[in-house]
Chemist: 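Below is the structure I would like to discuss, written out as structure tokens.
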Amino acid sequence: MSINSRNKGASFERKIANLLVSDLSLQAPVKRILEQTRTKQLPDLIFGSWFIECKFYKSGSEPLTGWWEQLLRSCNNGQIPALVYKFNRRPIKVRTKAKYLNPDLSDEGVVVDLGWNDFTYVLKTLYQDDIDKHERNGTIK
């Protein structure tokens, strides 16, 4: 990976972390997992139970299968996968499993792609415990 693409990826990770803070009205910052550059089984961000992998590419419209598979390999203890992806001149999208939106949709292979505002709505509506957990853990010194 070139230095330029690494910087672009880190910049997008910071952007997503900052968007989570602003859009969820958080007091505690969302921090990047810096060890993820050396350890393949770590996501870019952890927010409560959510393991978040961020991908920003110049062209395309659908995330690569390998991005999703990489994220699923990192989720092994009940973490919830969220692939945040963006292509130039396209909005930010978030892929997750349908069962995390509705437990009646239990098929492990069914995924949904949400717009960013839809994703933050889901977090505020269904995952307030994760927001509270983040705020508690983020304010401990």
Side-chain angles (χ1 to χ4, degrees), residues 1-103 105-141:
M1 178 186 304
S2 73
I3 290 174
N4 207 17
S5 63
R6 187 176 296 138
N7 289 341
K8 184 177 179 180
S11 176
F12 186 59
E13 292 165 18
R14 284 189 295 274
K15 177 180 180 160
I16 296 304
N18 290 333
L19 280 174
L20 285 168
V21 170
S22 64
D23 294 350
L24 299 175
S25 302
L26 302 174
Q27 299 300 309
V30 175
K31 297 178 185 168
R32 293 175 55 231
I33 309 300
L34 298 178
E35 296 82 30
Q36 48 96 3
T37 59
R38 293 181 294 279
T39 306
K40 290 194 178 278
Q41 299 303 328
L42 290 174
D44 297 323
L45 306 168
I46 297 175
F47 180 77
S49 301
W50 291 84
F51 269 31
I52 302 172
E53 186 69 28
C54 303
K55 300 292 185 182
F56 183 12
Y57 274 70
K58 181 167 53 172
S59 61
S61 60
E62 291 291 319
L64 298 178
T65 303
W67 298 349
W68 182 243
E69 290 170 354
Q70 172 190 355
L71 177 58
L72 292 179
R73 284 191 301 272
S74 71
C75 296
N76 55 14
N77 292 319
Q79 296 94 357
I80 303 171
L83 174 63
V84 178
Y85 63 96
K86 180 174 179 11
F87 298 99
N88 283 348
R89 293 179 290 287
R90 294 193 178 261
I92 296 171
K93 296 282 194 163
V94 182
R95 176 168 288 181
T96 192
K97 293 183 178 185
K99 72 178 192 173
Y100 297 117
L101 305 179
N102 181 339
L105 305 173
S106 60
D107 186 331
E108 285 287 327
V110 177
V111 298
V112 293
D113 290 351
L114 303 167
W116 179 257
N117 291 337
D118 301 326
F119 177 64
T120 56
Y121 173 79
V122 166
L123 290 176
K124 288 186 266 191
T125 305
L126 301 177
Y127 291 93
Q128 185 63 45
D129 288 347
D130 286 296
I131 294 172
D132 295 342
K133 177 181 174 184
H134 171 79
E135 293 288 66
R136 278 192 313 274
N137 293 340
T139 56
I140 296 171
K141 302 287 185 226

Chemist: Considering all heavy atoms of both residues, which atom of Gly60 and which atom of Arg90 are nearest to each other, and what is their separation?
Modeler: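 For Gly60 versus Arg90, the nearest heavy atoms are O-NE, 3.1 Å.
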
Chemist: How would you list, by chain and number, every residue that makes a ring-ring contact (aromatic ring centres under 6.0 Å, His included) with Phe51, sequence neighbours excluded?
Modeler: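 ring-ring contact (aromatic ring centres under 6.0 Å, His included) check on Phe51 returns nothing, list empty.
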
Chemist: Within the structure provided, determine whether His134 and Leu20 are in side-chain contact (heavy-atom separation under 4.5 Å).
Modeler: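 No, their side chains stay 4.5 Å or more apart.
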
Chemist: Taking the side chain as every heavy atom from C-beta outward, state whether Val94 and Val112 have any pair of such atoms under 4.5 Å apart.
Modeler: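 No. Closest side-chain heavy atoms not under 4.5 Å.
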
Chemist: Can you confirm whether or not the ring centre of Phe119 sits under 6.0 Å from the ring centre of Trp50?
Modeler: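 Ring centres of Trp50 and Phe119 closer than 6.0 Å.
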
Chemist: Looking at every heavy atom in both Ile80 and Cys75, which two are closest together, and how far apart are they?
Modeler: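 Shortest heavy-atom separation between Ile80 and Cys75 comes out as C-SG, 4.3 Å.
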
Chemist: Going through the checks in order, is the side-chain contact (heavy atoms from CB on, under 4.5 Å) test met by Gln79 and Ser49?
Modeler: CA-CA 5 Å; Gln79 296 94 357; Ser49 301; 5.8 Å; no

Chemist: Tell me, please, which residues at least two apart from Asn117 pass side chain to side chain contact (heavy atoms under 4.5 Å, CB included).
Modeler: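 Result, side chain to side chain contact (heavy atoms under 4.5 Å, CB included) vs Asn117: none returned.
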
Chemist: Nearest 0.5 Å please: distance from the CZ atom of Phe56 over to the OG atom of Ser11.
Modeler: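 Rounded to the nearest 0.5 Å, the CZ-OG separation comes out at 8.0 Å.
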
Chemist: Identify the two heavy atoms, one from Thr120 and one from Leu24, that lie closest to each other, and give their separation to 0.1 Å.
Modeler: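 The pair with the smallest heavy-atom distance is O-CD2, 3.8 Å.
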
Chemist: Between Trp67 and Tyr57, does the ring centre distance come in under 6.0 Å?
Modeler: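 Yes - the distance between ring centres of Trp67 and Tyr57 falls below the 6.0 Å cut-off.
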
Chemist: Side chains of Lys55 and Val84: closer than 4.5 Å at any heavy-atom pair?
Modeler: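 Answer no - side chains too far apart.
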
Chemist: Please give me the minimum heavy-atom distance between Pro81 and Thr96, naming the atom from each residue.
Modeler: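 Reported closest heavy-atom pair: O-OG1, 2.6 Å.
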
Chemist: Return the CZ to CG distance between Arg73 and Leu42, rounded to the nearest 0.5 Å.
Modeler: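 Nearest 0.5 Å value for the CZ-CG distance: 13.0 Å.
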
Chemist: Working note: Leu26 + Glu135, criterion side-chain contact (heavy atoms from CB on, under 4.5 Å); need CA distance, chi angles, decisive distance, verdict.
Modeler: CA-CA 7 Å; Leu26 302 174; Glu135 293 288 66; 3.8 Å; yes

Chemist: Could you please spell out the steps behind the side-chain contact (heavy atoms from CB on, under 4.5 Å) verdict for Gln128 and Ile131?
Modeler: CA-CA 5 Å; Gln128 185 63 45; Ile131 294 172; 3.7 Å; yes

Chemist: Can you find a heavy atom in the side chain of Arg14 that is under 4.5 Å from one in the side chain of Leu45?
Modeler: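 Not touching, per the 4.5 Å side-chain cut-off.
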
Chemist: Just to verify, what does Lys133 make a side chain to side chain contact (heavy atoms under 4.5 Å, CB included) with, not counting sequence neighbours?
Modeler: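 With sequence neighbours excluded, Lys133 shows a side chain to side chain contact (heavy atoms under 4.5 Å, CB included) to Arg136, Asn137, given in chain and number order.
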
Chemist: How long is the span from the OG atom in Ser74 to the CD atom in Glu53, to the nearest 0.5 Å?
Modeler: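 The distance works out to 6.5 Å.
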
Chemist: Of the non-hydrogen atoms in Leu83 and Leu71, which two are nearest, and what is the gap between them?
Modeler: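 Between these two residues, the closest heavy atoms are N-CD2, 3.6 Å.
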
Chemist: Would you say that Val30 contacts Leu19 through its side chain, given a criterion of any heavy-atom pair below 4.5 Å between the two side chains?
Modeler: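 No - every pair of side-chain heavy atoms lies 4.5 Å or more apart.
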
Chemist: Locate the shortest heavy-atom distance separating Phe12 from Lys86; write the atom from each residue and the value.
Modeler: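 Nearest heavy atoms, Phe12 then Lys86: CZ-CB, 3.8 Å.
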
Chemist: With a sphere of 6.0 Å drawn around CG of Asp129, does it hold more than 12 non-hydrogen atoms of other residues, nucleotides or ligands?
Modeler: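 Counting neighbours around CG of Asp129, 12 or fewer heavy atoms of other residues, nucleotides or ligands fall under 6.0 Å, so no.
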
Chemist: Quick one: side chain to side chain donor-acceptor pair (under 3.5 Å) partners of Asn18, sequence neighbours excluded?
Modeler: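 If we apply the side chain to side chain donor-acceptor pair (under 3.5 Å) test to Asn18, skipping adjacent residues, there are no hits.
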
Chemist: Nearest 0.5 Å please: distance from the CD1 atom of Ile52 over to the CD1 atom of Ile46.
Modeler: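 Answer rounded to 0.5 Å: 9.5 Å.
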
Chemist: Tell me, please, which residues at least two apart from Glu69 pass side chain to side chain donor-acceptor pair (under 3.5 Å).
Modeler: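 With sequence neighbours excluded, Glu69 shows a side chain to side chain donor-acceptor pair (under 3.5 Å) to no residue whatsoever.
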
Chemist: About how many Å separate CD of Glu13 and NZ of Lys31, when rounded to the nearest 0.5 Å?
Modeler: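 Taking NZ in Lys31 and CD in Glu13, the distance rounds to 15.5 Å.
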
Chemist: Check the pair Trp116, Lys93 against side-chain contact (heavy atoms from CB on, under 4.5 Å), reporting the backbone distance first and the verdict last.
Modeler: CA-CA 6 Å; Trp116 179 257; Lys93 296 282 194 163; over 6 Å; no

Chemist: So, taking the atom named CG in Asp44 and the one named CZ in Arg32, what distance separates them when rounded to the nearest 0.5 Å?
Modeler: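 Going from the CG atom of Asp44 to the CZ atom of Arg32 covers 7.5 Å.
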
Chemist: Quick one: salt bridge (Lys or Arg N to Asp or Glu O under 4.0 Å) partners of Asp113, sequence neighbours excluded?
Modeler: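 Only Arg95 meet the salt bridge (Lys or Arg N to Asp or Glu O under 4.0 Å) criterion with Asp113.
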
